[in-house]
Amino acid sequence: MWLKLFFLLLYFLVLFVLARFFEAIVWYETGIFATQLVDPVALSFKKLKTILECRGLGYSGLPEKKDVRELVEKSGDLMEGELYSALKEEEASESVSSTNFSGEMHFYELVEDTKDGIWLVQVIANDRSPLVGKIHWEKMVKKVSRFGIRTGTFNCSSDPR
């Protein structure tokens, strides 16, 4: 009798352990571990700015890390998955480049003829400086590239017409 009771308890114990093991696998696959909270205090200033950019918030008037960290905290809880995706987006956006059109035909080949997407083109008049400075243009390129918008610069002085 005791032996039957022992095996019954052992059977339930094995079922319990197996159920917990399979639950852990499901949690891992669905990203439950990615929902752990991250403390913004432990993050660098650059990572905090990246998170604010991904959330669509501006930080231009906040020169100190403490102020940026407070804005991150006020904008909502920071999950580990959000931090990971923000850092991956930043790495991807650093490699984004803008096309420099060499002339009218190059422009027509890429923009007019293919019509495969949306373009943001900065046109620079002959012997003039661009309306948008280089630093601001690069920031704009990074921001719009996240939405699949391609960018380019057409310098009229390089086109003979």
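All residue numbers in this chain count up from 1 along the given sequence.
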*Asks:* Which heavy atom in Gly58 sits nearest to a heavy atom in Leu71, and how many Å separate them?
*Replies:*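 It is O-CD2, 3.6 Å.
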*Asks:* If you link I, L, V, M, F, W and Y whenever their side-chain heavy atoms are under 4.5 Å apart, who else ends up in the same group as Ile135?
*Replies:*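 Once heavy-atom contacts under 4.5 Å are chained together, Ile135 still belongs with nothing else.
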*Asks:* Is it true that atom CD1 of Ile149 has more than 12 heavy atoms of other residues, nucleotides or ligands lying nearer than 6.0 Å?
*Replies:*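 Result for CD1/Ile149: enclosed.
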*Asks:* Run the side chain to side chain contact (heavy atoms under 4.5 Å, CB included) test against Phe21 and tell me which residues pass, sequence neighbours left out.
*Replies:*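 Checked Phe21 against side chain to side chain contact (heavy atoms under 4.5 Å, CB included); matches are Ile25.
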*Asks:* Could you pull out all residues at least two apart from Glu73 that satisfy salt bridge (Lys or Arg N to Asp or Glu O under 4.0 Å)?
*Replies:*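 By the salt bridge (Lys or Arg N to Asp or Glu O under 4.0 Å) rule, Glu73 matches no residue at all.
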*Asks:* Taking the side chain as every heavy atom from C-beta outward, state whether Leu43 and Ile51 have any pair of such atoms under 4.5 Å apart.
*Replies:*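 With C-beta onward as the side chain, the pair touches.
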*Asks:* Quick one: hydrophobic cluster around Phe7, which other residues, with the 4.5 Å side-chain cut-off, linked directly or via members?
*Replies:*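 Taking Ile, Leu, Val, Met, Phe, Trp and Tyr as members, Phe7 shares its hydrophobic cluster with Leu3, Phe6, Leu10.
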*Asks:* Show the nearest heavy-atom pair for residues Arg55 and Leu78, with the distance to one decimal.
*Replies:*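 Closest heavy-atom pair between Arg55 and Leu78: NH2-CA, 3.7 Å.
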*Asks:* So Lys139 and Val132, do their side chains get closer than 4.5 Å, heavy atoms only?
*Replies:*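 SC-SC contact between Val132 and Lys139 ruled out.
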*Asks:* Does the side chain of Leu120 come within less than 4.5 Å of Trp137's, by heavy atoms?
*Replies:*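 The answer is yes; the side chains approach within 4.5 Å.
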*Asks:* First locate atom CZ of Phe101, then atom NE2 of His106, and finally report the distance between them rounded to the nearest 0.5 Å.
*Replies:*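 Spacing of CZ (Phe101) from NE2 (His106) equals 6.5 Å.
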*Asks:* Just jot down the side chain to side chain contact (heavy atoms under 4.5 Å, CB included) partners of Arg128, sequence neighbours excluded, or say none.
*Replies:*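 Applying side chain to side chain contact (heavy atoms under 4.5 Å, CB included) to Arg128 gives Ala125.
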*Asks:* Please name all residues satisfying ring pair (Phe, Tyr, Trp, His ring centres under 6.0 Å) with His136, sequence neighbours left out, ordered by chain then number.
*Replies:*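 By the ring pair (Phe, Tyr, Trp, His ring centres under 6.0 Å) rule, His136 matches no residue at all.
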*Asks:* So if you build clusters from Ile, Leu, Val, Met, Phe, Trp, Tyr with side-chain heavy-atom gaps below 4.5 Å, do Ile124 and Val121 land together?
*Replies:*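 No; Val121 is not reachable from Ile124 via cluster members.
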*Asks:* Report yes if the distance between the aromatic ring centroids of Phe154 and Trp119 is under 6.0 Å, otherwise no.
*Replies:*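 No: the rings miss the under 6.0 Å criterion.
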*Asks:* Going by side chain to side chain contact (heavy atoms under 4.5 Å, CB included), name the residues that satisfy it together with Ser44, two or more places apart in sequence or in a different chain.
*Replies:*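 Result, side chain to side chain contact (heavy atoms under 4.5 Å, CB included) vs Ser44: Lys46, Lys47.
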*Asks:* Using a 4.5 Å cut-off on heavy atoms from C-beta on, say whether the side chain of Thr151 contacts that of Ser145.
*Replies:*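 Counting from C-beta outward, Ser145 and Thr151 never come under 4.5 Å.
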*Asks:* What heavy-atom pair brings Val123 and Cys156 nearest, and what distance separates the two atoms?
*Replies:*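 Shortest heavy-atom separation between Val123 and Cys156 comes out as CG1-SG, 3.8 Å.
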*Asks:* Side-chain heavy atoms under 4.5 Å apart, restricted to Ile/Leu/Val/Met/Phe/Trp/Tyr: what other residues fall into the cluster of Phe16, or is it alone?
*Replies:*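 Hydrophobic cluster check, Phe16: no partners found.
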*Asks:* With rounding to the nearest 0.5 angstrom, report the OG to CD distance, Ser102 to Glu109.
*Replies:*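 Result: 8.0 Å between the selected atoms.
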*Asks:* May I ask you to list the residues sharing a hydrophobic cluster with Tyr11, side-chain cutoff 4.5 Å, ordered by chain and number?
*Replies:*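 Traced through the cluster, Tyr11 reaches Leu8, Phe12, Leu15.
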*Asks:* Are Leu52 and Val72 side-chain neighbours, meaning at least one heavy-atom pair lies under 4.5 Å?
*Replies:*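 Yes, their side chains come closer than 4.5 Å.
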*Asks:* Rounded to the nearest 0.5 Å, how far apart are CG of Asp39 and CZ of Arg69?
*Replies:*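 These two atoms lie 8.0 Å from each other.
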*Asks:* Listing request: all salt bridge (Lys or Arg N to Asp or Glu O under 4.0 Å) pairs with a residue in residues 14-28, at least two apart in sequence or in separate chains.
*Replies:*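 Non-adjacent pairs meeting salt bridge (Lys or Arg N to Asp or Glu O under 4.0 Å): Arg20-Glu23.
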*Asks:* Could you work out, with side-chain hydrogen bond (donor to acceptor under 3.5 Å, both in side chains) as the rule, every residue matching Thr99, not counting sequence neighbours?
*Replies:*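 Partners of Thr99 under the side-chain hydrogen bond (donor to acceptor under 3.5 Å, both in side chains) test: none.
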*Asks:* How would you list, by chain and number, every residue that makes a side chain to side chain contact (heavy atoms under 4.5 Å, CB included) with Asp67, sequence neighbours excluded?
*Replies:*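 Counting only residues at least two positions away or on another chain, Asp67 forms a side chain to side chain contact (heavy atoms under 4.5 Å, CB included) with Leu62, Pro63, Glu64, Glu70.
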